[in-house]
2 protein chains.
Amino acid sequence: MSEAISNLSRKEQVIRKAAELFKEKGYAAASMRDLAHLLGIEAASLYSHIKSKEEILRSLCFDMAAEFQKSLAEVESKNVTASEKLRNGIIGHIQVMAKDLTASAVFMNEHRHLSQPYLRDFLLMRINYINRFKSIIEQGVKSGEFKDSIDKKLAVMTLFSSLNWMPMWYDPGSAIDPLQLGLQLADMLVNGLKKNA
Amino acid sequence: MSEAISNLSRKEQVIRKAAELFKEKGYAAASMRDLAHLLGIEAASLYSHIKSKEEILRSLCFDMAAEFQKSLAEVESKNVTASEKLRNGIIGHIQVMAKDLTASAVFMNEHRHLSQPYLRDFLLMRINYINRFKSIIEQGVKSGEFKDSIDKKLAVMTLFSSLNWMPMWYDPGSAIDPLQLGLQLADMLVNGLKKNA
DNA sequence: ATATATAACTAACAGTCGTTACTTGAAATT
DNA sequence: AATTTCAAGTAACGACTGTTAGTTATATAT
């Protein structure tokens with residue numbers, strides 16, 4: 001009971017440090033001895049807190065996935081135009097990433113090192129998420145808000161590429177804050193889709 | 001002499017297969033034994049053709065980098081408006097990637113596993129390339145072709161994110177060919193920047 | 001003071017890593 | 001026919017991998 005609670009604290013320290021390491025070196029190139037060294041302990045001691053290296057990766061990937069799902073569900077629940085929905089979806093996605101840039105980078109770049117069946121589950125969630133954005137775009141094309149000349153797969157993939165690379169270059173100490181970043185990004189992308197911008 | 005020429009052929013087979021493997025599993029998770037197995041030979045036999053695992057990665061990364069540089073230099077040499085230049089730059093970048101999607105994916109995702117001083121050199125080339133695109137955007141802002149309300153770093157990073165993820169999702173057997181893809185991508189991105197599109 | 005939980009330790013395992021040294025058989029060149 | 005080049009082979013190296021088993025010191029709760 002209290003076991004679980006106080007475990008969490010130290011366990012989360014381990015997971016957070018692992019996220020930094022995985023982001024920097026990549027999951028496969030990051031060893032448990034590297035991680036232990038960063039925490040000032042021995043590699044074997046890590047296993048008092050976590051079950052395996054991959055458990056850490058799973059935790060990072062699926063926790064982020066849950067955050068993204070939550071954000072998008074809220075956006076979908078509101079009855080607004082497609083362009084407004086897309087805009088809110090983008091802003092929400094950016095906000096979720098900005099809350100943990102390190103985990104976001106791992107989520108994006110290292111998920112492929114998940115083993116089955118976790119990898120399958122992860123990819124299914126991801127496709128589902130992308131398709132929901134695609135639906136918003138299609139809705140916007142149907143309502144006449146968006147051009148119909150652009151390939152929808154291209155549009156949604158371009159959107160996700162832009163969003164997902166953000167954790168790689170965004171400096172949280174920079175002049176532009178995450179909300180502004182989301183707004184500008186949405187503006188840049190949505191107005192690129194909009195007819196008669 | 002003839003040594004170098006006929007070596008090239010087999011060496012290139014090795015490098016190409018390595019590119020596929022590196023793309024699929026990531027550089028660090030791909031072993032020389034995996035690679036050898038794919039080629040139907042023993043791991044040690046690889047070293048008749050290449051000096052080291054990293055030499056393969058270097059070859060892939062720097063060859064792609066040279067192609068990108070060449071493409072951009074040609075675009076810059078023509079005296080056209082900034083939006084036309086940006087458009088041509090995007091199309092050129094896409095064309096270079098389309099010529100070798102596998103190597104492009106490795107270039108983009110695995111370059112960080114280069115050791116020093118190669119990593120430093122690589123990153124310098126990359127920054128230089130990005131800055132030249134940034135200059136084109138700045139030129140367009142100055143000439144009034146592009147909005148000045150959008151952060152230039154954001155704009156150029158969004159651009160590169162969109163471009164660089166293409167090898168991850170583009171299916172060369174799909175309905176849309178690389179040139180069309182380049183045109184649509186350029187249209188989507190450039191018109192998103194343009195004032196009064 | 002005693003019991004419990006936490007977080008660390010040492011030692012070691014079986015397996016994999018990139019790579020080297022040396023050898024061999026076939027093909028091409030002289 | 002003799003020599004060289006090419007592409008592969010076998011065996012093995014030292015280092016590193018994730019992980020386990022079992023132990024110990026410290027802090028907290030009873």
Side-chain angles (χ1 to χ4, degrees), chain A residues 1-22 24-61 106 110-116 118-119, chain B residues 1-22 24-61 106 110-116 118-119:
Chain A
M1 229 176 288
S2 69
E3 172 203 315
I5 291 170
S6 56
N7 243 356
L8 252 185
S9 156
R10 186 53 170 162
K11 184 174 182 175
E12 283 225 333
Q13 278 186 300
V14 170
I15 291 175
R16 286 190 161 277
K17 195 56 95 175
E20 291 173 28
L21 183 63
F22 292 172
E24 195 194 300
K25 304 187 70 170
Y27 177 78
S31 78
M32 295 304 271
R33 283 165 181 86
D34 290 338
L35 176 56
H37 185 74
L38 287 174
L39 291 160
I41 62 177
E42 293 298 315
S45 307
L46 291 168
Y47 291 83
S48 304
H49 309 289
I50 49 104
K51 287 194 197 70
S52 68
K53 186 186 181 186
E54 202 193 316
E55 187 207 32
I56 301 176
L57 182 61
R58 276 203 297 272
S59 162
L60 288 167
C61 288
V106 172
E110 310 300 334
H111 68 261
R112 65 168 151 181
H113 294 107
L114 290 168
S115 66
Q116 298 293 6
Y118 304 102
L119 180 57
Chain B
M1 232 175 285
S2 68
E3 173 204 313
I5 292 169
S6 56
N7 243 355
L8 252 184
S9 155
R10 187 52 172 163
K11 184 174 183 175
E12 283 225 333
Q13 279 185 297
V14 171
I15 292 175
R16 284 190 163 279
K17 196 58 92 177
E20 292 172 28
L21 183 63
F22 292 172
E24 195 195 300
K25 304 187 69 170
Y27 178 78
S31 79
M32 295 304 271
R33 284 167 180 85
D34 290 338
L35 176 56
H37 185 74
L38 286 175
L39 291 160
I41 61 177
E42 294 298 315
S45 305
L46 292 167
Y47 291 83
S48 303
H49 309 289
I50 49 105
K51 287 194 197 70
S52 66
K53 185 185 182 185
E54 202 192 316
E55 188 207 30
I56 301 177
L57 182 62
R58 277 203 296 273
S59 162
L60 289 166
C61 288
V106 173
E110 310 300 333
H111 68 260
R112 65 168 151 182
H113 293 108
L114 291 168
S115 66
Q116 299 292 8
Y118 304 101
L119 180 57

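Remember, predicted model here, so these are calculated numbers, not experimental data. By convention in this document, chain letters (A, B, ...) are assigned in the order of the sequence lines, proteins followed by strands, and residues within each chain are numbered from 1.
Donor-acceptor pairing under 3.5 Å, judged by distance alone, is absent between the side chain of Ser45(B) and the base of dA7(D).
Contact between the side-chain N/O atoms of Arg33(B) and the OP1/OP2 oxygens of dT19(C) is not found at any separation under 4.0 Å. For dC6(D), neither phosphate oxygen OP1 nor OP2 lies less than 4.0 angstrom from any side-chain nitrogen or oxygen of His49(B). Contact between the side-chain N/O atoms of Ser31(A) and the OP1/OP2 oxygens of dT17(D) is found at a separation under 4.0 Å.
The distance from atom CE of Met32(B) to atom C1' of dG18(C) is 7 Å, rounded to the nearest whole Å.
Here the CG atom belonging to Leu114(B) is positioned 7.5 Å from the CZ atom belonging to Arg58(B), to the nearest 0.5 angstrom.
Counting non-hydrogen atoms under 4.0 angstrom, Ala36(B) reaches nothing in the nucleic acid. Here Ala30(B) lies in heavy-atom contact (under 4.0 Å) with sugar-phosphate atoms only.
When distances run from any side-chain atom of Lys53(A) to the nucleotides dT19(C), dA8(C), dG18(D), the shortest one goes to dG18(D). Of the candidates dA7(C), dA21(C), dA8(D), the closest approach to any side-chain atom of Arg10(A) belongs to dA7(C). With dA7(C), dT10(D), dT20(C) as the choices, the nucleotide that has an atom nearest any side-chain atom of Tyr47(B) turns out to be dT20(C).
Heavy-atom neighbours of Tyr118(A) OH from other residues, nucleotides or ligands within 6.0 Å: at or below the threshold of 12.
Using modelled atom types and a 3.5 Å distance limit, the side chains of Arg16(B) and Gln13(B) yield no donor-acceptor pair.
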With side chain to side chain contact (heavy atoms under 4.5 Å, CB included) as the criterion, how do Lys53(A) and His113(A) come out once you've worked through the C-alpha distance, each side chain's angles and the decisive distance to 0.1 Å?
CA-CA 11 Å; Lys53(A) 186 186 181 186; His113(A) 294 107; over 6 Å; no

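Residue order along DNA chain C, read from the 5' end via each residue's closest nucleotide, puts Leu39(A) first among Ser52(B) and Leu39(A).
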